[in-house]
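Just so it is clear, the structure is predicted and the values come from calculations on it, not from any experiment. The basis for the numbers below is simple: all heavy atoms, side chains too, and nothing from hydrogens, waters or symmetry mates.
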Amino acid sequence: MPPNSITGRLDALERRGFVRRSPSATDRRRVVVELTPAGRSAWRDAMDGLGVEEARLLGALDPAERRTLSDLLRRIMLRAEQPLVRQRALRGEGQAAA
């Protein structure tokens, strides 16, 4: 994200009382951002709502299907976290022909 987008989002969160910004004690170019009690509460409320919705949706699957889904999603996430260069190397792409 461009820095001005992040700044705009932080401005909005700060106006709503969800975050507090303060200068870094070790680097004048940085700003420390921390959740306020109101921000922490809003985060917990949002996560609680997601948990309820997740349980509702996953209720369509039996326990074995949920385990299978979890395993498949874990494999996808592991692939997504690999750098693209490593993914290409694992597939044998990007190597010069011998």
Side-chain angles (χ1 to χ4, degrees):
M1 289 180 82
N4 60 343
S5 294
I6 294 169
T7 300
R9 289 170 194 230
L10 286 173
D11 287 344
L13 290 169
E14 192 171 39
R15 278 193 303 274
R16 294 175 68 187
F18 292 152
V19 298
R20 175 178 32 252
R21 288 187 269 196
S22 58
S24 169
T26 59
D27 186 342
R28 293 183 338 168
R29 297 168 295 177
R30 293 184 178 208
V31 174
V32 175
V33 179
E34 60 185 325
L35 286 174
T36 63
R40 202 166 278 110
S41 177
W43 176 256
R44 276 195 290 272
D45 290 347
M47 292 299 102
D48 288 346
L50 285 174
V52 169
E53 183 64 5
E54 181 180 310
R56 183 186 75 79
L57 294 172
L58 293 177
L61 305 175
D62 65 39
E65 291 170 325
R66 286 194 295 273
R67 278 191 298 280
T68 299
L69 176 61
S70 178
D71 291 343
L72 293 169
L73 291 173
R74 184 176 303 108
R75 286 173 49 194
I76 291 169
M77 289 304 299
L78 288 171
R79 175 61 60 94
E81 291 171 355
Q82 289 178 350
L84 186 56
V85 172
R86 176 158 163 67
Q87 291 177 33
R88 288 181 177 155
L90 290 173
R91 291 191 309 256
E93 297 175 10
Q95 298 174 354

For S22, side chain to side chain donor-acceptor pair (under 3.5 Å) partners two or more places apart: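 S22: no side chain to side chain donor-acceptor pair (under 3.5 Å) contacts found.
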Not counting sequence neighbours, which residues clear side chain to side chain donor-acceptor pair (under 3.5 Å) with S5? List them please. none
Do other residues, nucleotides or ligands put more than 12 heavy atoms under 6.0 Å from the CE atom of M77?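 Incorrect, the count does not exceed 12.
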Any chance you could measure L58, atom CG, to S70, atom OG, to the nearest 0.5 Å?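 Between L58 CG and S70 OG, I get 9.5 Å after rounding to 0.5 Å.
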Enter the distance from R16:CZ to D11:CG here, rounded to the nearest 0.5 Å. 13.5 Å
Residues that L72 engages under side-chain contact (heavy atoms from CB on, under 4.5 Å), provided they are two or more places apart: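 Applying side-chain contact (heavy atoms from CB on, under 4.5 Å) to L72 gives T68, R75.
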Considering all heavy atoms of both residues, which atom of L10 and which atom of R21 are nearest to each other, and what is their separation?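 Nearest pair, atom of L10 first, then R21: CB-NH1, 3.7 Å.
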Do you know which two heavy atoms are closest between A38 and G17, and how far apart they sit? CB-O, 3.7 Å
Keeping to residues at least two apart or across chains, list the salt bridge (charged side-chain N to carboxylate O under 4.0 Å, His left out) pairs with something in residues 61-71. D71-R74
Taking only residues two or more places apart in sequence, or in another chain, which ones meet R29 in a salt bridge (Lys or Arg N to Asp or Glu O under 4.0 Å)?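 Residues passing salt bridge (Lys or Arg N to Asp or Glu O under 4.0 Å) with R29: D27.
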Applying salt bridge (Lys or Arg N to Asp or Glu O under 4.0 Å), name anything that partners R56, two or more places apart in sequence or on another chain. E53
With side chains defined as the heavy atoms from C-beta onward, is the minimum distance between R9 and I6 less than 4.5 Å?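 Not touching, per the 4.5 Å side-chain cut-off.
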Quick check: is L61 connected to L73 through a chain of hydrophobic side chains (ILVMFWY, heavy atoms under 4.5 Å apart)? yes
Would a hydrophobic clustering, with Ile, Leu, Val, Met, Phe, Trp and Tyr connected at side-chain separations under 4.5 Å, put V19 with V32? no
Just grab all the side chain to side chain donor-acceptor pair (under 3.5 Å) pairs involving residues 33-50, residues at least two apart or on different chains. R20-E34
